[in-house]
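Reminder, nothing fancy here: chain letters follow the sequence lines and each chain counts from 1.
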There are 2 protein chains.
Amino acid sequence: MGATVCRWGILGAANIARKNWKAIWNAENATLTAVASREPARAKEWLEANQAECPFPTAPAACDYDALLKRSDVDALYIPLPTGIRREWVVKAASAGKHVLCEKPCGPDATELRAMLDVCKANNVQFMDGVMFMHGKRLPLLRSVLDDGETVGQIRRIVSNFSFAAGDDFLKNNIRVSKEMEPLGALGDLGWYNIRFSLFAMRYALPTTVSGRLLTEHASGVPLEFSGELFWPGGVSASFYCSFNTELQQWAHVSGTKGSIDVRDFVLPYYGCESSFVADKPVFNVKGTRYHWESHPKRFAVTEYSDGAPDAQETNMVRTFSALALGKTPDPFWGDVALKTQTVMDACLASARNGGAPVKV
Amino acid sequence: MGATVCRWGILGAANIARKNWKAIWNAENATLTAVASREPARAKEWLEANQAECPFPTAPAACDYDALLKRSDVDALYIPLPTGIRREWVVKAASAGKHVLCEKPCGPDATELRAMLDVCKANNVQFMDGVMFMHGKRLPLLRSVLDDGETVGQIRRIVSNFSFAAGDDFLKNNIRVSKEMEPLGALGDLGWYNIRFSLFAMRYALPTTVSGRLLTEHASGVPLEFSGELFWPGGVSASFYCSFNTELQQWAHVSGTKGSIDVRDFVLPYYGCESSFVADKPVFNVKGTRYHWESHPKRFAVTEYSDGAPDAQETNMVRTFSALALGKTPDPFWGDVALKTQTVMDACLASARNGGAPVKV
């Protein structure tokens, strides 16, 4: 009988990793063995703070990056390193036989990501990007409603906005505006979700053409605010907007021949015990000189705590990844959708760098 | 003492004119004198049906177009004629000293509209396009919230969708897919509202650049589905989508540095006694490994019946126009915003006809 618990290591003690620490702690098929940091003192402090809140029976060890890769008691690595240096460590991790859960944007471009995926494939390890919403309980319900043929019908237009107002300190010092560390800026950090959601809605069909627009750029040359548009055959399209300049919003809207669906919090469900979306199929009502439009909204929801709970989307991500890692047969789906996301992003950026002219994907 | 009631004529017995018949009937400073149609029998039938439902003390007369222009008991004309032939009659009406309430899109392009406006100006008559939402009670509230400096802060991104699923009969026979009668198709019929709303939000500052995309075209060459993007200095932008292929939706979303506003029914408030919008300023809440986003929606509403009522937006439009016509001093604002709307639309279409390349406005 094979192992039933996937043993994790975290390569890079980033803030986002605090959330995944708890997700590993919550997932019944996962445990955390070790955490690596460039600064051992920092790793130790970080470990102790997390262990105090979510204690593993055996406290995870602190080590450096190379030592983590050599540990035989680690099956899977969560790698939240900056995009600019991630490839090296993804390649080393896969070469060492470790399964890789990789933060997004996976690479600075699709060529780099393809190189990472090739190494994962050659070493028979699972690759997945850390897009938590893909693992929420809401998504299968959304899929079934999108596919029911009645609520939305054939999809014609997708719109999504994802932004937060970063503030002066962030815009001066945060890694996400560093050309070397995060060359894709807001497009990589936020637009990754917009593009992924659009691809999800379209059942992962690649658009044939895209356009993009750099609305504002950091002095470093990193995108701070970006809009893009994706075009599929038959006039189907998706528009997206992502920004570090604009207050938090994270909505997506899908409209089609028969109605539309509105998701107000597609990235991270707003605090509460339900994740929901609303479908609408308005009615045109005519009586003589009188006519009006009626809204007929219908709410769909799943029970799902959004805040580090055992059924939160990040816990499900760890749960699903752990099962794949334990199963020994990598699922190519996750690498494929990451590569599609990055490919579309590359084309949007190429369009923007060329004044907004459409670019074939 | 001057007249206190504006005497209206309707030039063209179109369906939309039924709504304005009732609006004239509701407005205390307006009455209806005569209705002109190319087919006198049709005008008579149309008159009787409307008079049965909303009876004026003296039943409006039926006449032909030229006779209507010659009547001395008509101050203002509502002209819902097709765009392809409207210019001729707007020019004749203004030359005859009649004030002109003109359906949208006002002309096939800004050059035509400018010619119409010049004649109105030369004859000292009021010009206004028939954009009813401009006259709703919700708009001043929306303006004040957009300008309060806190709810949205500085505007960064506007998104609006306006569509309805036209159906086979419409797509075969309706005037709105006729190249001669309505050359702008869905862009003129629906996109006019998207562009106007975006300009309203931006206090009527013209964008410096736009782009456009013809997503689907009718066999006649008329736009059936169109997306556009407007760009202002500093990276501020607006995206819009309009379509005859997609089920009814009419929403607009404005986001800025401090929050956002969502209007689900910006064109015609959904049936009910309130017109509303919702502002949101989500909060990022961090506690140790736990963090979540909280939605803090706040609803704003005005009491306003949407269905042919004395305070409905179309009644206010007639009321406002009648007061301007009676006042003898035309307000140039309405011609200006119509011209700006048409100018932006022209540029979007020019971009679309040039493969989506950005066009300076």
Side-chain angles (χ1 to χ4, degrees), chain A residues 18-19 21-22 49-50 53-54 153 156-157 159 161 163-165 211 213 215-216 225 227 229 231 234-237 239 241 243 245-251 253 255-260 264-265 268 270-271 280-282 284-285 288-295 306-308 355-358, chain B residues 18-19 21-22 49-50 53-54 153 156-157 159 161 163-165 211 213 215-216 225 227 229 231 234-237 239 241 243 245-251 253 255-260 264-265 268 270-271 280-282 284-285 288-295 306-308 355-358:
Chain A
R18 301 197 75 163
K19 189 158 190 162
W21 173 301
K22 185 158 191 174
N50 282 287
E53 193 171 333
C54 302
R156 298 296 317 165
R157 179 72 168 182
V159 184
N161 277 23
S163 70
F164 63 83
S211 66
R213 187 100 186 178
L215 296 167
T216 56
E225 192 169 17
S227 66
E229 200 168 2
F231 306 101
V236 177
S237 64
S239 163
Y241 167 78
S243 170
N245 295 331
T246 307
E247 185 53 284
L248 179 62
Q249 59 182 327
Q250 47 154 339
W251 54 268
H253 187 274
S255 54
T257 51
K258 296 190 177 177
S260 57
R264 290 186 35 75
D265 51 358
L268 174 61
Y270 283 128
Y271 183 65
D280 200 359
K281 198 188 279 278
F284 186 43
N285 192 320
T289 61
R290 299 168 75 93
Y291 70 81
H292 60 251
W293 287 337
E294 295 168 13
S295 178
S306 55
D307 192 19
Chain B
R18 302 196 73 162
K19 188 158 192 165
W21 173 300
K22 184 159 193 175
N50 282 287
E53 192 169 335
C54 301
R156 297 297 315 164
R157 179 74 168 180
V159 184
N161 277 22
S163 70
F164 62 82
S211 66
R213 187 102 186 174
L215 296 166
T216 56
E225 192 170 19
S227 67
E229 201 168 3
F231 306 102
V236 177
S237 63
S239 162
Y241 167 78
S243 171
N245 294 330
T246 307
E247 186 52 285
L248 179 62
Q249 58 182 327
Q250 47 154 338
W251 54 267
H253 188 274
S255 54
T257 51
K258 295 189 176 178
S260 57
R264 290 185 35 75
D265 50 359
L268 174 62
Y270 283 129
Y271 183 64
D280 200 2
K281 198 189 279 276
F284 186 45
N285 192 321
T289 62
R290 298 168 75 93
Y291 70 81
H292 60 252
W293 288 337
E294 295 168 12
S295 178
S306 56
D307 192 18

J.: List the atom of B:G256, the atom of A:T246, and the distance in Å for their closest heavy-atom pair.
T.: O-CG2, 3.3 Å
J.: In terms of heavy-atom proximity below 4.5 Å to chain B, should A:S239 be classed as side chain, backbone, both, or neither?
T.: side chain
J.: Quick check: closest heavy atoms across B:G355 and A:P358, and the distance to 0.1 Å?
T.: O-CG, 3.0 Å
J.: Measuring heavy-atom distances to chain B, does A:S295 have an atom under 4.5 Å in its side chain, in its backbone, in both, or in neither?
T.: both
J.: Going by the angle between their ring planes, with limits at 30° and 60°, are A:H292 and B:Y271 parallel, tilted or perpendicular?
T.: parallel
J.: For B:F231, is it the side chain, the backbone, both, or neither that has a heavy atom closer than 4.5 Å to a heavy atom of chain A?
T.: side chain
J.: Check the pair B:Q249 / A:S255 against side-chain hydrogen bond (donor to acceptor under 3.5 Å, both in side chains), numbers first and verdict last.
T.: CA-CA 8 Å; B:Q249 58 182 327; A:S255 54; 2.9 Å; yes
J.: Select one option (side chain, backbone, both, neither) describing which atoms of A:F164 are under 4.5 Å from chain B's heavy atoms.
T.: neither
J.: Which bit of A:D265 comes within less than 4.5 Å of chain B, counting heavy atoms only: side chain, backbone, both or neither?
T.: neither
J.: Within this structure, what is the CG-OH distance for the pair A:D280 and B:Y270, rounded to the nearest 0.5 Å?
T.: 5.5 Å
J.: Heavy atoms only: give me the nearest B:N245-A:T257 pair and the separation to one decimal.
T.: O-CG2, 3.6 Å
J.: Return the option, out of A:S243, A:S227, A:G234, with the maximum number of heavy-atom pairs under 4.5 Å with chain B.
T.: A:S227
J.: Looking only at heavy atoms and a cut-off of under 4.5 Å, which of A:R264, A:H253, A:Q250 has the most pairs with chain B?
T.: A:H253
J.: Using a cut-off of under 4.5 Å on heavy-atom pairs, state which of B:E229, B:K258, B:R157 scores highest against chain A.
T.: B:R157
J.: Output, in order, the C-alpha distance, side-chain angles, deciding distance and verdict of side chain to side chain contact (heavy atoms under 4.5 Å, CB included) for B:W293 and A:L248.
T.: CA-CA 9 Å; B:W293 288 337; A:L248 179 62; 3.6 Å; yes
J.: Under a 4.5 Å heavy-atom cut-off, does chain A meet the side chain of B:E225, its backbone, both or neither?
T.: side chain
